[in-house]
Number of protein chains: 2
Amino acid sequence: MTMNAAGGRRRPPTIHDVAREAGVSRGTVSRVLNGGHYVSPAAQEAVNAAIRRTGYVVNRHARSLITGRSDSIGFLLTEPQEKLFEDPNFNVLLRCCTQALAAHDIPLLLMLAGTQDERRRIMRYITAGHVDGVLLVSSHSADPVAEQLHEAGVPLVQCGKPMGRGTKVSYVAADDRDGARDMMRHLLSLGRRRIGMVNGPVDTPGGVDRLAGYKEVLTEAGLEIDERLIVSGDWGRASGEAGAERLLAQAPDLDAVFVASDLMAQGVLAALQRAGRRVPQDVAVGGFDDSPAALASSPELTTIRQPWDRISAEMVRVLLAQIGGEDPAAVILPTELVKREST
Amino acid sequence: MTMNAAGGRRRPPTIHDVAREAGVSRGTVSRVLNGGHYVSPAAQEAVNAAIRRTGYVVNRHARSLITGRSDSIGFLLTEPQEKLFEDPNFNVLLRCCTQALAAHDIPLLLMLAGTQDERRRIMRYITAGHVDGVLLVSSHSADPVAEQLHEAGVPLVQCGKPMGRGTKVSYVAADDRDGARDMMRHLLSLGRRRIGMVNGPVDTPGGVDRLAGYKEVLTEAGLEIDERLIVSGDWGRASGEAGAERLLAQAPDLDAVFVASDLMAQGVLAALQRAGRRVPQDVAVGGFDDSPAALASSPELTTIRQPWDRISAEMVRVLLAQIGGEDPAAVILPTELVKREST
DNA sequence: TTCTCTACTGTGAACGCTCACAGAAGCATG
DNA sequence: CATGCTTCTGTGAGCGTTCACAGTAGAGAA
């Protein structure tokens, strides 16, 4: 009735067809497919030729059935999706991870766990072994999902440092604290002394570490820390605007602002402009992320680049190693100061 | 040696375990799993209870091996990824499609075909039957990939109207032309008569149709079409800024601008502001998309909403229908005018 | 020659599921 | 009582792989 539904897709060749074509056995073809150990060069060649001739592609389902591996991995995103999907960082990460996995011929399954229902469904899916491992992005500091997966024995790598102490979950993160230090030293080197900070939420690792870097450099320069110079936003543009207004009210004499995300920095620029402060002449502004927003704003933002390509590559590397039996690992990658017009 | 790699993941229960637990045969369990036809209520209940007790989850690989279906679908993105990933429309679409599929318990595989190599790899993967169908996003009007997949008999739905005439590929798109008409009528109703347009590329269906709507309404209102009032960008913010500058030079007397994307509209707002024109008093600005950018700009943009949630839901519906054996279909969805501060 | 070792190859048995088929039970009809 | 029909259930086969094992051939050593 429905048939194959797809007009004329014919039955694809199996390992059996290849074996016949090459004049060898299934076993030999399988060995060639899996690294070619213990196969004579002649057989090797014959099999490869037969594969080319038949257009054979391995049936992953059959393979998975017996190996127990799925040869695919999940990219799991928990919580506020609307927000995260607007976050350019997230998009870059997703893209880079997909590409890094593609290099290993591993498909990426996108899993969004917004509601509790979705969450349950996805946890069942994962723990049933339908993916070999999970790349986890969780905004949310104290997300229990990481622990749950870890306890279920699912190989897992988290993006960003987890807040919880003592967990043995792998993670890969940029060196937020050092990035903050770089930016602060840069601002100091420009002669600025009244440096404000628009931080992210302080219940996130990013918020904690960037603030720590800020304070550390001030202290090391012999400047005192003025709490009126510090406010927090939610990483979004609007909160940056609001933060800058508060800052201007509390400390009108500021001559620089270190903003913990480029998106918030855009808001800060808008607020400063409205207040009649010139950037960078009156107030220097430094961002964080080096997202497209940094180039889109005027003046273009000096910012700290998060090495998303390296972060994703490392996440994939660590995850595959873990699937291969190695222990969880933590990787911190260096950031880079990108100087542009705003400082 | 490596074992299961994952500490203590134990062998998951199979259909056999469930059958034993429920005191029925494998066949009966399978029938319950697949719709429950020809199963007595008693058996039905016993099986469901056993599934709950054992925590059974179907092994999709085993199922796929015999059904020939993979029960997963691919989300394929061809070309300029950097650009597309910055495009909020694309992100919303990806999110909505993932959710729409999740409702059917179908995982989404993200496939990025940037380079020729990736393209070949992905085509092989798809045509080998590793996905049941493909949701295609192609910026690029004359992309051969749609035709290739269609010819290979792969169920396929494209997002946005394809340019090529005569192809029988399914697609789902917003009614660009009607959206443009709505915006133009709105601008006319405000008394504006010198209305400029910053269009997208005219070799894309969106560019063609939005321009057609623009011209149609002007003609219908008895106004003549002034080519100096029409420029094209590339959907991006920067090109909107440039476009507005050209427009101001060519037709300084304009009193409104219809911009074919919100991102470009942001640029237009910036250019107008720099030129000392007040929005909306001197010049009214209308965007297109209703992306987050529309709310982030000041003044907030009046724009045409693309119903991304409905578009993705329809794409999924049409694709699943096609996989089920139905014929390709084309769906055009209505847009909606969202009035905000910029008009 | 005979034995051992290495390099290679083929074979049957799984993996967990679905599907076709054969049957059993219940009930109405001839 | 046989016959048909419907509704339900169990059974074997097989999907395309990999894996363990058994086996072969050839080289070198005794």
Side-chain angles (χ1 to χ4, degrees), chain A residues 1-4 9-48 50-51 54-72 105 125 128-130 132, chain B residues 1-4 9-47 50-51 54-72 105 128-130 132:
Chain A
M1 216 57 62
T2 25
M3 287 200 41
N4 203 333
R9 257 205 268 189
R10 55 183 71 257
R11 194 184 67 85
T14 74
I15 204 173
H16 222 110
D17 302 323
V18 175
R20 192 159 19 79
E21 180 81 15
V24 298
S25 71
R26 285 167 14 244
T28 300
V29 177
S30 177
R31 274 183 288 264
V32 172
L33 253 34
N34 294 285
H37 297 298
Y38 283 95
V39 182
S40 68
Q44 182 98 248
E45 183 44 47
V47 169
N48 281 327
I51 288 176
T54 54
Y56 169 79
V57 179
V58 68
N59 182 324
R60 287 170 178 245
H61 301 303
R63 173 182 284 173
S64 296
L65 184 54
I66 186 160
T67 61
R69 285 174 283 119
S70 70
D71 290 320
S72 65
D105 209 30
Y125 187 88
H130 288 313
D132 294 341
Chain B
M1 218 56 63
T2 22
M3 289 201 39
N4 204 333
R9 256 205 268 188
R10 56 182 69 257
R11 194 182 68 83
T14 74
I15 204 172
H16 221 111
D17 301 324
V18 175
R20 192 160 18 81
E21 180 81 14
V24 298
S25 70
R26 289 168 7 247
T28 300
V29 177
S30 177
R31 275 184 287 265
V32 171
L33 253 34
N34 295 284
H37 297 300
Y38 284 97
V39 181
S40 67
Q44 183 99 247
E45 185 43 50
V47 169
I51 287 175
T54 54
Y56 170 79
V57 179
V58 68
N59 181 326
R60 286 169 180 247
H61 301 303
R63 173 183 283 172
S64 295
L65 184 55
I66 186 161
T67 60
R69 286 175 282 118
S70 70
D71 290 321
S72 64
D105 208 31
H130 289 313
D132 294 341

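Order of the sequence lines fixes the chain letters, A, B, ..., with proteins taken first and strands second; residue numbering starts at 1 for each chain. Because the structure is predicted, anything quoted here is derived from the model rather than measured.
Rounded to a whole Å, the OH atom of B/Y38 is 9 Å from the C1' atom of D/dC8. Atom-to-atom, CD of B/Q44 to P of D/dT7 comes out at 15 Å; the value is rounded to the nearest Å. If you measure from atom CZ of A/R20 to atom P of C/dT9, you get 19 Å, rounded to the nearest angstrom. Atom CG in B/N59 sits about 18 Å away from atom P in C/dA14, given to the nearest Å. Between the CZ atom of A/R60 and the C1' atom of D/dT18 there is a distance of 16 Å, given to the nearest Å.
Remark: the backbone N or O of B/D71 is paired with a side-chain donor or acceptor of B/D132 at under 3.5 angstrom.
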Output one line per pair: protein atom, nucleotide atom from nucleotides 18-21 of chain C, and distance, for all N/O pairs under 3.5 Å.
residue, atom, partner, partner atom, Å
C/dT18, OP1, B/N34, ND2, 3.3
C/dT18, OP1, B/R63, NE, 2.8
C/dT18, OP1, B/R63, NH2, 3.1
C/dT18, OP2, B/S30, OG, 2.9
C/dT18, O4, B/R26, NH2, 2.7

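Checked against D/dT9, C/dC17, D/dG16, the side chain of B/L65 finds its nearest nucleotide in D/dG16.
Under the 4.5 Å side-chain criterion, counting only non-hydrogen atoms from C-beta, B/L33 is in contact with B/I51. The shortest distance between side-chain heavy atoms of B/R26 and B/H16 falls below 4.5 Å. Using a 4.5 Å cut-off on side-chain heavy atoms (C-beta onward), A/T14 and A/R20 make no contact. Annotation: side chain of B/P12 is not in contact with side chain of B/V57 (no heavy-atom distance under 4.5 Å). In this structure, A/H61 and B/S70 have side chains that are in contact, with non-hydrogen atoms separated by less than 4.5 Å.
Note on A/S25: a side-chain N or O is less than 4.0 Å away from OP1 or OP2 of C/dG10. Distances shown here put a side-chain N or O of B/T28 below 4.0 Å from the OP1 or OP2 atom of D/dG10. The phosphate of C/dT9 (OP1 or OP2) has a side-chain N or O of A/S40 nearer than 4.0 angstrom.
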